[in-house]
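Below is one structure, written out as structure tokens; the observations come after it.
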Amino acid sequence: MTQPLLDVTDLRVRIGAGDAAIRPVDGVSFHIRRGETFALLGESGCGKSMTALALLRLLPQPGGQITGGSVKLDGEELMALPETGMRSVRGGRIAMIFQEPMTSLNPVMTVGAQIEESLQQHQGLRGAAARQRVVELLDAVGIPDAARRYGEYPHQLSGGMKQRVMIAIALAGDPDLLIADEPTTALDVTIQAQVLELIKQLQRERGMAVLLITHDLGVVSGMADHVAVMYAGKVMEYTDVKSLYADPKNPYTIGLLQSIPVLGSKTKGHRLETISGVVPSLLNLPAGCLFSDRCSDVFDDCRRVAPKMYRVGKNHLVRCLKYA
């Protein structure tokens, strides 16, 4: 078996100290191969974005700390790199599209200047060569009249255009791995589809891997090869996308899939399925299974014993005592 591009093992993050400390990422493991799309799926607050920030060692300060685990990029341990080494990785070998393009772009810099910053840092380009490359990148992400847009400011662009600029900034370092954190947030449905198709097209052309962070099951089914379902800081299920949709194992995953609205006469007049209760507070997690307070299949041991990940197929792992 070939070495994965990114290999994450037992990653743990703590925010805060003492009784107020929370663990938004608690023993997360997964790997991503070159050219594939891997999705982290789950509700808001489950630890998806914090996992991505931990990979880049960009945890909120003060108080954010990686307390354990390993993150290897092509076999190199990123947790052991000095900060100077991580600067070349961030935006270079690993690039990230952040959730909100409206707030991620600098409002007082032209979009061309913001892309040039990344080119100078990771490609050493300056002057006319950098400007030409910026125009090429803007054109590559589908921005019309790229030479004119070079000198415009973020407020002059639509939401979809801003997201395309964010993708251009990410591509400036020619990354091996692109992290897309909810890349279609706040965009209308038509623009969402265009942005997702753009990411797929760029991935095919460049051969880069994509880590997709989302709560949207439709996006996962159309984009991902493998998926990890997260809940309250832990991975609850890990498999390929076809297996997840055809034969979900964890009750939480089953609940998510059942909550998808379906068009058709069979559902007319039926109430939408929901998962009862709410995600537990990270300050007050259940003693046993994290999902035990909301699970319809719960039994006594679930409230006392924290389940491990159990293998239920060649490439299918599930955190549930039913499979112990």
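Keep in mind that this is a model prediction, so the values were computed, not measured.
Other residues, nucleotides and ligands place more than 12 heavy atoms under 6.0 Å from the NZ atom of Lys322.
Under a 3.5 Å cut-off, the side chain of Glu77 and the backbone N or O of Val71 do form a donor-acceptor pair. Counting only distance, with no hydrogens or angles, the side chain of Arg311 and the backbone of Lys314 share a donor-acceptor pair below 3.5 Å. Looking only at distances, a side-chain donor or acceptor of Arg90 sits under 3.5 Å from a matching main-chain atom of Leu56. The backbone N or O of Gly85 lies less than 3.5 Å from a partner atom in the side chain of Ser88, making a donor-acceptor pair. With hydrogens and angles ignored, the 3.5 Å screen pairs a side-chain donor or acceptor of Ser29 with a backbone N or O of Asp10. Of the possible polar contacts, one joining the Gln114 side chain to the Asn106 backbone as a donor-acceptor pair under 3.5 Å is found. Proximity of a side-chain donor or acceptor of Gln123 to a complementary backbone N or O of Leu125 within less than 3.5 Å is not detected. When atom types are taken as modelled, the side chain of Glu43 and the backbone of His215 share no donor-acceptor pair closer than 3.5 angstrom. A side-chain donor-acceptor contact under 3.5 Å links Arg57 to the backbone of Leu78. With hydrogens and angles disregarded, no donor-acceptor distance shorter than 3.5 Å links the side chain of Thr274 to the backbone of Ser276.
Minimum interatomic distance between Gly75 and Gln3 (heavy atoms only, all atoms of both residues): N-NE2, 3.4 Å. Contact between Leu212 and Thr37 at its shortest, heavy atoms only, is CB-CG2, 4.3 Å. Of all non-hydrogen atoms in Leu282 and Ala232, the two that sit nearest each other are CD2-O, 4.0 Å. Taking both residues in full, the closest heavy atoms of Cys289 and Pro307 are given as CA-CD, 3.7 Å, listed atom of the first, atom of the second, then distance. Residues Tyr231 and Pro280 come closest through the heavy atom pair OH-CD, 3.1 Å. For the residue pair Met208 and Gln203, the shortest heavy atom distance occurs at O-CG, 3.0 Å.
At a threshold of 4.5 Å between non-hydrogen side-chain atoms, the residues Leu137 and Ile169 do not count as touching. Considering only heavy atoms from C-beta on, Leu178 stays 4.5 Å or farther from Leu211 through its side chain. Side-chain contact between Glu237 and Ser243 is absent, with no heavy-atom pair separated by less than 4.5 Å. At a threshold of 4.5 Å between non-hydrogen side-chain atoms, the residues Cys302 and Cys295 do not count as touching. Put simply, the side chain of Ile97 reaches to within 4.5 Å of the side chain of Gln163, judged on heavy atoms. The closest side-chain heavy-atom distance from Met223 to Ile199 is below 4.5 Å. Side-chain contact between Asp74 and Arg93: present, with at least one pair of heavy atoms (C-beta onward) separated by less than 4.5 Å. Looking at heavy atoms from C-beta onward, Arg33 lies out of side-chain contact with Leu5 at the 4.5 angstrom threshold.
Under the 4.5 Å side-chain heavy-atom criterion for Ile, Leu, Val, Met, Phe, Trp and Tyr, Leu138 and Tyr153 are members of distinct hydrophobic clusters. One hydrophobic cluster holds both Val235 and Val279 under the rule that ILVMFWY side chains link at heavy-atom gaps under 4.5 Å. Residues Leu6 and Leu81 fall within the same hydrophobic cluster, defined by Ile, Leu, Val, Met, Phe, Trp and Tyr side chains chained together at heavy-atom separations under 4.5 Å. If you chain together hydrophobic residues whose side chains sit under 4.5 Å apart, Ile213 and Ile32 fall into the same group. Note on Phe291: it does not cluster hydrophobically with Ile254, by side-chain heavy-atom contacts below 4.5 Å among ILVMFWY residues.
In this structure, Arg148 pairs ionically with Glu152, as a charged nitrogen and a carboxylate oxygen lie closer than 4.0 Å. Under the 4.0 Å criterion applied to side-chain N and carboxylate O atoms, Asp174 and Arg206 are assigned as salt-bridge partners. Ionic pairing of Arg304 and Asp301 is present here: one or more N-O contacts between side-chain nitrogen and carboxylate oxygen are shorter than 4.0 angstrom.
How far CG of Asp225 is from CZ of Phe38: 10.5 Å, rounded to the nearest 0.5 Å. Note that CD1 of Ile167 is 7.0 Å distant from CZ of Arg164, once rounded to the nearest 0.5 Å. With values rounded to the nearest 0.5 angstrom, Leu321 atom CG is found 10.0 Å from Lys308 atom NZ. Between His226 atom NE2 and Lys242 atom NZ the span is 11.0 Å, to the nearest 0.5 Å. How far CG of Leu73 is from CD1 of Ile94: 4.5 Å, rounded to the nearest 0.5 Å. If you take CG on Asp240 and CD on Glu36, they are separated by 10.5 Å, rounding to the nearest 0.5 Å.
Screening Leu290, Val229, Leu285, Val28 for a side-chain contact (heavy atoms from CB on, under 4.5 Å) involving Lys234 leaves a single residue, Leu290.
Between the side chains of Gln201 and Glu205, at least one donor-acceptor pair of N or O atoms lies under 3.5 Å. Side chains of Arg126 and Gln120: a donor-acceptor N/O pair is absent below 3.5 angstrom, by distance only.
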key: Verdict with reasoning, Phe98 to Leu53, per side chain to side chain contact (heavy atoms under 4.5 Å, CB included)   = CA-CA 10 Å; Phe98 291 91; Leu53 292 175; 4.2 Å; yes
ask   = Does the side chain to side chain donor-acceptor pair (under 3.5 Å) test come out yes or no for Asp181 and Ser49, once each step is laid out?
value = CA-CA 7 Å; Asp181 187 1; Ser49 295; 2.9 Å; yes
task = List the steps, then state whether ring pair (Phe, Tyr, Trp, His ring centres under 6.0 Å) holds for Tyr238 with Phe30.
result = CA-CA 8 Å; Tyr238 182 3; Phe30 60 87; 7.3 Å; no
message = If you apply the rule side chain to side chain contact (heavy atoms under 4.5 Å, CB included), what do you find for Gln156 with Met161, and how did you get there?
response = CA-CA 9 Å; Gln156 295 175 277; Met161 289 286 192; over 6 Å; no
inquiry  = For a side chain to side chain contact (heavy atoms under 4.5 Å, CB included) check, start with the C-alpha distance between Tyr310 and Cys320, then their side-chain angles and the critical distance, and finish with the verdict.
reply    = CA-CA 7 Å; Tyr310 301 102; Cys320 181; 5.8 Å; no
request  = Show the numbers, then the answer: is there a side chain to side chain contact (heavy atoms under 4.5 Å, CB included) between Arg133 and Glu116?
outcome  = CA-CA 8 Å; Arg133 182 61 182 144; Glu116 273 191 27; over 6 Å; no
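Contacts of Ala54 classified as side chain to side chain contact (heavy atoms under 4.5 Å, CB included), with partners at least two apart in sequence or in another chain: Leu11, Val13, Leu59, Ile66.
Judged by a 6.0 Å distance limit and a 45° cone about the ring axis, Arg131 is positioned over the six-membered ring of Tyr150.
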